[in-house]
**Student:** 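This is the structure I want to talk about, given as C-alpha cells.
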Amino acid sequence: MRQIFPLVFFVCALAQFAFSQNLTTHDPQQLYNGDGSLFDPSILRQMDLTFEDDNYHSVLVDAFFNNPSLRIPANVSIDGISVDSVGVRYKGNSTFCLPNEAGSVKVPYNLDFNHWISGQDLMGYNKVKLANAWLDPTYCKEYMASRIYRKYLPTPEINLIELHTQGDYTGLYVNTESINRQFLNKHFDENDGVLFKCDGAGVFCSENGGGGTDGGIPSLSYLGSDTTNYYDSYTIKSDEGWGPLLDLITTLEFSPEDLGDVLNIDRVLWAMAVNTVVSNLDTYNGYYVHNYYLYQDVEGRFQMIPWDFDNSFVGAILGWSYWSPDDVYHFDPFFTGNGAAWDERPLMQYLYSQPLYRSLYLAHIRTIMEESMEIQEIAEEITALQNLANDAAEADPNDQFPFVYFNTNVNSAFWTDWGFAGILSTVEERMDFLSNHPEVSDDAPVMGSVVVENGIIEVPTIDATGLELMWTTGEIASNFQPIAMSDDGTQGDAVVGDGTFTALLPETDGENLLFYIRASNADAISLSPARAEYEYYIYGNVTDVDEFELTTTVTEPQWTIAPNPASESFSLRNCPAFSPITILDFQGRVVMESTWDGRPIDVSQWAGGAYLIQVGEFGTSSMQRLMVR
C-alpha cells in the first residue's frame, strides 16, 4: 500500500515555467493603486460634502434637466483632508431619475476637484464619481464586476464610501474612478487622443415627472457622412475627434477587413467576453447598447473601455424577465440584436462572423470562466466588503430596500414590484449554461511551460495542431505578427510530431521581444499567457524603471481546485500541462493517477467526502484538499 500522506496544506511552488533570466511577463495589474489609496477596497472612508448654498439640492436638480454642465461649489473633507471650491453636479440617468421621483436626496454625484482651482485633487485624483447603488441592495455588484473586468482590460477602480452632506448622513455610495485624462495616462501612458463616452443623449425622466426623452444609440451603425448625425449617440470628451469616430464607423460599414487598423479588436473581444460571463446585459452585446468609452491611442486605434457595472450578475435587468428568468441566465453569447433595424450591433455581427475572432472570443470566455467565476472565491470577496460596510448599509437612511436584502440578495434573487438577481445564484446559473454551450465547451489545446533558450522558443502542447508565435517590438504592445511554430524537425524542433512546437527568435534589432503564443486545433484556440493580449511575455533586457515595475518573473501562479467543493467535476487552475497528479482518499488509498491535460476530472460517481490532490512526484510535490459532495 502506498504511503499515507499527512493531512497538511502545502503551498504549491512546484510547477514553474522554465525561463531564462530575461523572460518576464507584462503585468498590468500593477497599474492599479495599492493599499491606502482612495479606492482601497479594505477601507471605508467617510466623505463630508458641504455646500455654500443650503438649497443645493434644488439647484442641482434643476441643473440636471436644464443646464447639465452647471456645477456649484462645495467643500470636501475626507481622512482629515479638506478640499475647497470643488465643482459638484448630479450625474446618472435612471439612477438619478428613480430616487429623484421618489423624493430621495440619494442621487449620484460628479465631483471635479480642479474645476475652479487648476491642479487641485483629492488623494491624487482630480475627479471622483459617486454612484448610489439605487438598484443594488448588496452594494457589491459593481465592485465585484470591476474586480473581474480589470484582469482583462483597463477598468475603473471601485470601492465604497459613506457620504455626508451638510452634516447629515446621505448614505452608502459606490466610489468610482472617472474615465478621464488621468485614467488614460495611467493605462496608456499618454492622454492626448480622442475620447468618447458612448451613451445616448436621452434622459430617463422629465422635470415634471413624465416620460423622458429619446436619444441616439451608440451602436457604431453608419448614419451617413454628416457627423452631426452622431451627436445624440456619442458624447465627445476631447477637444476634437468626430472625424476619427466617423472613420471608425465608416471602416466597419464599408471595409471591415481593415478594422484592425482603427480598432483594437482584441480589447473589444475581451470586453464582450467579460460582459457575457458576468451577465452584464446593460452593454453593447446585451440588452441595451451603451456603457462604454472609446479612446484613440497614439497609434490611431480606438480602445474600448468598459463603464457602469451596476447591472452585472443580471442585477435589475431580471425585472424584464419576470416570467422567464432563463432569458437572462441563458442569454445568447452571440446575441447581435433583436432583429429590429434600431437594434443592430454591426461590430459584433462582423466579429462573430469571422472564424478567428469568434474563436478568440470563445477562448477569452473560457479563460474568464476558469479564472474568475469560482463561487467560493467570489463569496469570500463579497463577505469581506460587506463586513466592512455592514453598519453603514444598515444605517443608510435613504436606501430603498429593506436591510435584509443586503445579505440575501448576494445568494439569491428576489421579487418585489421588480426582479433583482442574486450574485451567486446568477454565477451558478450562468456557469452551468456556458459550460454546456456547444461552442464554449469545445476542447481547446493545452500548453505547457514556455521556454526561451539558445535563440529558440519551445512550447509543449496537448491536442494542438498548430501554434503561432505572436510577436511585436517597441514600447507599445500592438500589431502582433504571427510566425508559425514547428513540430516537424525545423526551427530547432528536436523530435518530429511529439507535440512540442518551436520557433526561432525573430530579429528585433536590439529591442525587447513582446510576444504571446496562440495554439489551435480543429475546434478551439487557447493563448499563453491566457490573458493575452492584455498580458504578454517580454524577452530582452528590461532596464526602464517603469517598465520593470510592470513585469513579473514568468512563474506559474499557485494552482487551485475549482470548483471546490465539487459534485460533478473539477479542474486544476494554473496547473501546467503534463504535471503528474495523484488523488488519494483520506485513508491514503490511491483513487487515481494521471497526468494533467487540462480536462475536467469527473467525480460524479465518487463517494462524498474529503480527498487529497497531489501535484508532482512524492518528495517534490504539493497537495490540496478537495471536498466531494
**Student:** Would you confirm whether the ring centroid of Phe188 sits within less than 6.0 angstrom of the ring centroid of Phe183?
**Tutor:**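 No, the ring centres sit 6.0 Å or more apart.
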
**Student:** Determine whether the side chains of Tyr361 and Thr276 contain a donor N or O and an acceptor N or O closer than 3.5 Å.
**Tutor:**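 Their side chains do contain a donor-acceptor pair, which is all the 3.5 Å distance test asks for.
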
**Student:** I'd like to know if Lys186 pairs up with Glu157 as an ion pair, taking the criterion as any Lys NZ or Arg NE/NH1/NH2 lying under 4.0 Å from an Asp or Glu carboxylate oxygen.
**Tutor:**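 Result for this pair is yes, salt bridge flagged.
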
**Student:** Has Thr213 got a side-chain atom pairing as donor or acceptor with Gly202's backbone, closer than 3.5 angstrom?
**Tutor:**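 The answer is no, because no donor-acceptor pair under 3.5 Å joins these two groups.
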
**Student:** Does CG in Asp62 sit with more than 12 non-hydrogen atoms of other residues, nucleotides or ligands closer than 6.0 Å?
**Tutor:**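 Buried by this count: over 12 neighbours within 6.0 Å.
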
**Student:** State, with a plain yes or no, whether a side-chain heavy atom of Phe334 is found less than 4.5 Å away from one of Met348.
**Tutor:**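 In short, these two side chains do not touch, never coming nearer than 4.5 Å.
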
**Student:** Asp266 versus Tyr357: any side-chain heavy-atom pair under 4.5 Å?
**Tutor:**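 Heavy-atom side-chain distance check fails, nothing below 4.5 Å.
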
**Student:** With a cut-off of under 6.0 Å to the ring centre and 45° to the axis, is Lys197 in cation-pi contact with Tyr292?
**Tutor:**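 Pair Lys197/Tyr292 does not count as cation-pi.
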
**Student:** Hey, does the side chain of Trp270 reach the backbone of Ala532 with a donor-acceptor pair shorter than 3.5 angstrom?
**Tutor:**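 Yes, Trp270 side chain to Ala532 backbone: donor-acceptor pair under 3.5 Å.
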
**Student:** Please check: side-chain N/O of Asp40 versus main-chain N/O of Gly36, any donor-acceptor pairing under 3.5 Å?
**Tutor:**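 Answer holds: yes.
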
**Student:** Check Gly224 against Asn229 and note the closest heavy-atom contact, atom names and distance.
**Tutor:**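 Minimum heavy-atom contact is CA-ND2, 4.3 Å.
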
**Student:** For Glu240, I'd like to know if atom CD has over 12 heavy atoms of other residues, nucleotides or ligands within 6.0 Å.
**Tutor:**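 Counting neighbours around CD of Glu240, 12 or fewer heavy atoms of other residues, nucleotides or ligands fall under 6.0 Å, so no.
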
**Student:** Who pairs with Phe204 by ring pair (Phe, Tyr, Trp, His ring centres under 6.0 Å), at least two apart in sequence or on another chain?
**Tutor:**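 Partners of Phe204 under the ring pair (Phe, Tyr, Trp, His ring centres under 6.0 Å) test: none.
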
**Student:** Under 4.5 Å between any side-chain heavy atoms of Tyr352 and Asn285, yes or no?
**Tutor:**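 Side chain of Tyr352 against side chain of Asn285, heavy atoms only: contact under 4.5 Å found.
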
**Student:** Return yes if some donor-acceptor pair links the side-chain N/O of Asn311 with the main-chain N/O of Gly315 below 3.5 Å, else return no.
**Tutor:**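 No, the answer is negative, given that no donor and acceptor are paired below the 3.5 Å cut-off.
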
**Student:** Under 3.5 Å, is there a donor-acceptor pair linking the side chains of Asn180 and Asn126?
**Tutor:**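 Note: Asn180 and Asn126 side chains meet the donor-acceptor criterion.
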
**Student:** Is there a side-chain contact between Met47 and Leu130, using heavy atoms and a 4.5 Å cut-off?
**Tutor:**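 Yes; the side chains approach each other to less than 4.5 Å.
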
**Student:** Tell me whether the rings of Phe196 and Phe302 are parallel (<30°), tilted (30 to 60°) or perpendicular (>60°).
**Tutor:**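 The rings of Phe196 and Phe302 sit tilted, inter-plane angle from 30° to 60°.
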
**Student:** Looking only at the side chains, is there a donor atom on one of Asp35 and Ser37 sitting less than 3.5 Å from an acceptor on the other?
**Tutor:**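 Asp35 vs Ser37: no donor-acceptor pair found between side chains.
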
**Student:** Any side-chain donor-acceptor pair under 3.5 Å between Ser528 and Tyr537?
**Tutor:**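 Yes - a donor-acceptor pair under 3.5 Å links their side chains.
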
**Student:** Between the side chains of Gln303 and Asn264, does any donor sit under 3.5 Å from an acceptor?
**Tutor:**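 Yes, Asn264 and Gln303 have a side-chain donor paired with an acceptor closer than 3.5 Å.
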
**Student:** Counting only heavy atoms not in Asp239 (residues, nucleotides, ligands), do more than 12 fall under 6.0 Å from its CG?
**Tutor:**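 Not more than 12 within 6.0 Å, no.
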
**Student:** Could you check whether the rings of Phe254 and Tyr222 sit parallel, tilted or perpendicular, using 30° and 60° as the cut-offs?
**Tutor:**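 Geometry flag for Tyr222 against Phe254: perpendicular rings.
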
**Student:** Can you find a heavy atom in the side chain of Leu160 that is under 4.5 Å from one in the side chain of Leu388?
**Tutor:**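 No. Closest side-chain heavy atoms not under 4.5 Å.
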
**Student:** Over all heavy atoms of both residues, which pair between Ala530 and Thr367 is shortest? Give the atoms and the distance, please.
**Tutor:**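 Nearest heavy atoms, Ala530 then Thr367: O-OG1, 3.7 Å.
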
**Student:** At their closest point, which heavy atom of Tyr139 faces which heavy atom of Asn132, and how far apart are they?
**Tutor:**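 For Tyr139 and Asn132, the tightest heavy-atom pair comes out as CE2-O, 4.5 Å.
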
**Student:** If we count only N and O atoms by modelled type, under 3.5 Å, do the side chains of Tyr152 and Ser372 hold a donor and an acceptor together?
**Tutor:**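 Per modelled atom types, Tyr152 and Ser372 side chains form a pair under 3.5 Å.
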
**Student:** Have Glu381 and Tyr143 got a donor and an acceptor in their side chains that come within less than 3.5 Å?
**Tutor:**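 The criterion, which ignores hydrogens and geometry beyond distance, is satisfied for Tyr143 and Glu381.
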
**Student:** Check whether the side chains of Asp27 and Thr25 place a donor and an acceptor atom closer than 3.5 Å, and report yes or no.
**Tutor:**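 Short answer, no.
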
**Student:** Check whether more than 12 heavy atoms from other residues, nucleotides or ligands sit under 6.0 Å from atom CD of Glu475, and answer yes or no.
**Tutor:**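 Atom CD in Glu475 is not crowded, with 12 or fewer foreign heavy atoms closer than 6.0 Å.
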
**Student:** Can you measure from CD (Glu142) to CG (Asn175) and round to the nearest 0.5 angstrom?
**Tutor:**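 Rounded to the nearest 0.5 Å, the CD-CG separation comes to 10.5 Å.
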
**Student:** Which heavy atom of Val452 sits nearest to which heavy atom of Leu23, and what is that distance?
**Tutor:**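 Closest heavy-atom pair between Val452 and Leu23: CG2-CD2, 4.0 Å.
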
**Student:** First locate atom OG of Ser526, then atom CD1 of Ile517, and finally report the distance between them rounded to the nearest 0.5 Å.
**Tutor:**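 Answer rounded to 0.5 Å: 10.5 Å.
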
**Student:** I want to check a possible cation-pi pair here: Arg345 against Phe335, using under 6.0 Å from ring centre and within 45° of the ring axis as the test.
**Tutor:**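 Judged by the rule (NZ or CZ under 6.0 Å from the ring centre, within 45° of its axis), Arg345 is not positioned above Phe335.
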
**Student:** If you measure from the Lys or Arg side-chain nitrogens to the Asp or Glu carboxylate oxygens, is any gap between Glu190 and Arg181 under 4.0 Å?
**Tutor:**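 So Glu190 does not pair with Arg181 through a salt bridge.
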
**Student:** Going by the rule salt bridge (charged side-chain N to carboxylate O under 4.0 Å, His left out), which residues pair with Glu344 if we only count those two or more places apart in sequence or in a different chain?
**Tutor:**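 Residues passing salt bridge (charged side-chain N to carboxylate O under 4.0 Å, His left out) with Glu344: none at all.
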
**Student:** Tell me, with the steps shown, if Tyr90 and Tyr109 meet ring pair (Phe, Tyr, Trp, His ring centres under 6.0 Å).
**Tutor:** CA-CA 5 Å; Tyr90 289 155; Tyr109 283 83; 5.1 Å; yes

**Student:** Exactly one of Arg366, Arg147, Arg531 should register a salt bridge (charged side-chain N to carboxylate O under 4.0 Å, His left out) with Glu371. Which one does?
**Tutor:**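 That would be Arg531.
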
**Student:** To the nearest 0.5 angstrom, please state how far the CG atom of Leu245 sits from the CG atom of Leu220.
**Tutor:**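 So the gap between those two atoms works out to 7.0 Å.
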
**Student:** Which heavy atom of Leu153 sits nearest to which heavy atom of Pro306, and what is that distance?
**Tutor:**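 Heavy atoms of Leu153 and Pro306 come nearest at CD1-CD, 3.5 Å.
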
**Student:** To the nearest 0.5 angstrom, please state how far the OG atom of Ser359 sits from the CD atom of Gln354.
**Tutor:**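 Rounded to the nearest 0.5 Å, the OG-CD separation comes out at 11.0 Å.
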
**Student:** Tell me yes or no: between the side chains of Ser146 and Thr155, is some donor less than 3.5 Å from an acceptor?
**Tutor:**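 Note: Ser146 and Thr155 side chains miss the donor-acceptor criterion.
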
**Student:** Find out whether Asp112 and Val86 are in side-chain contact, i.e. whether some heavy atom of one side chain is under 4.5 Å from a heavy atom of the other.
**Tutor:**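 A side-chain contact is absent here, since even the closest heavy-atom pair is not under 4.5 Å.
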
**Student:** Would you say that Met304 contacts Ile265 through its side chain, given a criterion of any heavy-atom pair below 4.5 Å between the two side chains?
**Tutor:**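 No, their side chains stay 4.5 Å or more apart.
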
**Student:** Is there a donor-acceptor contact under 3.5 Å from the side chain of Ser238 to the main chain of Val194?
**Tutor:**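 Answer holds: no.
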
**Student:** How far apart are the closest heavy atoms of Asp84 and Ile117, and which atoms are they?
**Tutor:**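 The pair with the smallest heavy-atom distance is O-CD1, 4.1 Å.
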
**Student:** Applying ring pair (Phe, Tyr, Trp, His ring centres under 6.0 Å), run through Phe64 and Phe96 and close with a yes or a no.
**Tutor:** CA-CA 9 Å; Phe64 180 88; Phe96 168 85; 3.7 Å; yes

**Student:** Tyr516 and Glu533: side-chain donor and acceptor closer than 3.5 Å?
**Tutor:**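 Distance-only check passes for Tyr516 and Glu533.
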
**Student:** So, are Lys141 and Asp310 salt-bridged, with charged N and O less than 4.0 Å apart?
**Tutor:**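 Between Asp310 and Lys141 there is no salt bridge, as every charged N stays at least 4.0 Å from the carboxylate O atoms.
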
**Student:** Stepwise, does the side chain to side chain contact (heavy atoms under 4.5 Å, CB included) test hold for Leu263 with Leu248?
**Tutor:** CA-CA 7 Å; Leu263 179 70; Leu248 167 64; 3.9 Å; yes

**Student:** Strictly distance-based, threshold 3.5 Å: is any side-chain N or O of Thr508 a donor or acceptor partner for the main-chain N or O of Glu511?
**Tutor:**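 Side chain of Thr508 to backbone of Glu511, a donor-acceptor pair under 3.5 Å: yes, one is there.
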
**Student:** If we ignore angles and hydrogens, is there a donor and acceptor under 3.5 Å between the side chains of Arg71 and Asn110?
**Tutor:**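 A donor-acceptor contact under 3.5 Å links the two side chains.
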
**Student:** Please examine the side chains of Tyr230 and Ile249, heavy atoms only from C-beta on, and report whether any two atoms are closer than 4.5 Å.
**Tutor:**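 Counting from C-beta outward, Ile249 and Tyr230 do come under 4.5 Å.
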
**Student:** Does either side chain, that of Thr336 or that of Gln349, offer a donor lying less than 3.5 Å from an acceptor on the other one?
**Tutor:**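 Gln349 and Thr336 do not have a side-chain donor-acceptor pair below 3.5 Å.
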
**Student:** Determine whether a donor-acceptor pair (N or O, by modelled atom type, separation under 3.5 Å) exists between the side chain of Glu468 and the backbone of Ser520.
**Tutor:**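 The answer is no, because no donor-acceptor pair under 3.5 Å joins these two groups.
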
**Student:** Using the rule side-chain contact (heavy atoms from CB on, under 4.5 Å), only one of Ile161, Val128, Asp48 pairs with Ile78; which is it?
**Tutor:**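 Per the side-chain contact (heavy atoms from CB on, under 4.5 Å) rule, the option paired with Ile78 is Ile161, out of Ile161, Val128, Asp48.
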
**Student:** Would you check if there is a donor-acceptor pair between the side chains of Asn275 and Tyr149 at a distance under 3.5 Å?
**Tutor:**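 Yes, side-chain donor-acceptor contact under 3.5 Å.
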
**Student:** Check whether the side chains of His26 and Tyr534 place a donor and an acceptor atom closer than 3.5 Å, and report yes or no.
**Tutor:**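 There is no such pair between these side chains.
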
**Student:** Consider only side-chain N and O atoms of Asp308 and His290, and report whether a donor and an acceptor are under 3.5 Å apart.
**Tutor:**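 The criterion, which ignores hydrogens and geometry beyond distance, is not satisfied for His290 and Asp308.
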
